[in-house]
Structure formats: structure tokens, C-alpha cells
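Counting starts at 1 for both ligands and their atoms, following the listed order. Throughout, numbering of the chain's residues begins at 1 and tracks the sequence.
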Amino acid sequence: MSDTEALKGAAATRCIYVLNGPNLNLLGQREPHIYGSTTLAEIGERCEAKARSLGFSVDFRQTNFEGELVESVQQARREACGIIINPAGYSFTSVALLDSLKMFDGPKIELHISNVHARESIYHNSLVSRTATGIIIGLGAAGYELAIQAMAGLVAARS
Ligand code: CA2
């Protein structure tokens with residue numbers, strides 16, 4: 001292994017990917033009674049601060065496109081020690097996303113801001129849950145920081 005490869009590998013062991021699916025860019029602007037008033041940018045900043053305090057870095061992303069989400073998961077295979085994902089609407093529909101996550105060997109935390117089980121039945125059957133190491137549901141924006149904390153523990157337990 002070259003020095004460059006070794007350096008990349010070392011960084012990957014400390015980088016957590018936090019992936020957000022469609023419409024989450026609107027957080028804080030619509031439906032605050034369901035999703036709260038915190039914006040996605042604020043959540044990203046809180047994730048970075050929490051990760052830094054635990055000796056990790058964060059790559060925080062949002063996309064409205066299924067293929068882009070799949071590509072981020074594939075990239076995580078090379079660059080991340082763990083994935084935290086709020087797949088939003090793709091949780092319930094995307095076999096492609098499920099397939100890509102199955103190929104990621106590290107810990108995976110699925111997260112939903114709202115309690116999906118207290119909502120309409122179309123929100124009850126997440127495909128992503130089939131491959132998740134753990135799930136955080138219904139704790140609002142605070143769920144993201146809890147997920148970072150949990151991920152740090154999961155990564156430490158593997159090394
Ligand atoms: O509670 C969550 O985090 C969800 O993943 C959010 C998704 C929904 O499809 C899932 O069932 C649960 C929807 C994201 C829509 O985001 C909005 C943000 C602000 C205003 C309206 C929608």
C-alpha cells in the first residue's frame with residue numbers, strides 16, 4: 001500500500017457520511033408541526049460539531065435524486081467508516097438504495113425526524129430498515145446528534 005493510500009484509509013476510518021434524501025432541503029420552511037423549525041444547514045453544523053468533539057469528521061449531503069443518493073452510498077464504501085441516512089420518501093420505495101446500502105460493510109443508521117409509525121401506513125414499511133444496523137425515529141432534529149454519538153460507538157466497537 002502506498003503512503004497516499006494509507007493516508008486515505010486512515011481518514012476514511014474517521015469520516016461519517018450523513019445522507020439526506022428528497023425534500024429535506026425544505027426543513028424549517030414548511031410543516032414545522034411535523035418536522036420542527038431547524039433547517040438542514042443548522043443540522044449539518046450540529047453534526048459537524050458533535051463529530052469533531054468525538055474525533056470524527058462528517059460529510060453531510062442532501063439530494064432530491066435517487067441515483068445521486070446511490071452514488072453517495074457507493075462513494076462511502078471507499079471513504080466512510082459509517083453511514084447515517086435519512087432517505088425520506090426513498091425509504092419506502094427504493095430497492096436501488098437498499099441494494100447499494102447492502103454493499104456497504106460498515107455500520108448504517110437509518111434516521112427519521114418524525115415518528116413514521118404514528119403516520120399514514122405508506123410511511124410504515126421502510127425498505128432501508130432491512131439493512132440498517134440501527135434506527136432512530138421520531139426524536140426530531142436532535143436525532144442526528146444522537147446518531148453521530150451512536151455511530152462513534154459502533155465504529156469504536158469494530159476497531
Ligand atoms: O421524518 C422524516 O425524517 C422523514 O424521513 C421525512 C420524509 C418522509 O417521507 C418520511 O416519511 C419521514 C419527508 C421529508 C419531507 O421534508 C419536508 C420538509 C419540510 C417541509 C415539508 C417536507
Between [Y] and [X], do the side chains contain a donor N or O and an acceptor N or O under 3.5 Å apart?
X: S57; Y: R52; answer: no
X: E110; Y: S129; answer: yes
X: H33; Y: E31; answer: no
X: N64; Y: E66; answer: no

Of the listed options Y123, Y90, F92, Y35, closest to atom 22 (C) of ligand 1 (non-hydrogen atoms): Y35
Give the atom numbers and elements of ligand 1 that come within less than 4.0 Å of a heavy atom of [X].
X: L26; value: 18 (C), 19 (C)
X: A88; value: 5 (O), 7 (C), 9 (O)
X: G89; value: 9 (O)
X: V116; value: 11 (O), 12 (C)

Mode of N23 contact toward ligand 1 - side chain, backbone, both, neither (heavy atoms, under 4.0 Å): both
How does I113 reach ligand 1, if at all, at less than 4.0 Å between non-hydrogen atoms: by side chain, backbone, both, or neither? both
among protein heavy atoms, the one nearest atom 4 (C) of ligand 1 is H112 ND1, 3.6 Å
Around atom 1 (O) of ligand 1, find the nearest protein heavy atom and jot down its residue, atom name and distance. S114 OG, 2.6 Å
Distance-only N or O hit between ligand 1 and E31, under 3.5 Å: no
Do L19 and L40 share a hydrophobic cluster (ILVMFWY, side-chain heavy atoms under 4.5 Å, transitive)? no
Measure from the side-chain N and O atoms of N20 to the backbone N and O of R61, and report whether any donor-acceptor pair falls under 3.5 Å. yes
Can you spot which of I135, I137, N125 makes a side chain to side chain contact (heavy atoms under 4.5 Å, CB included) with V116? I137
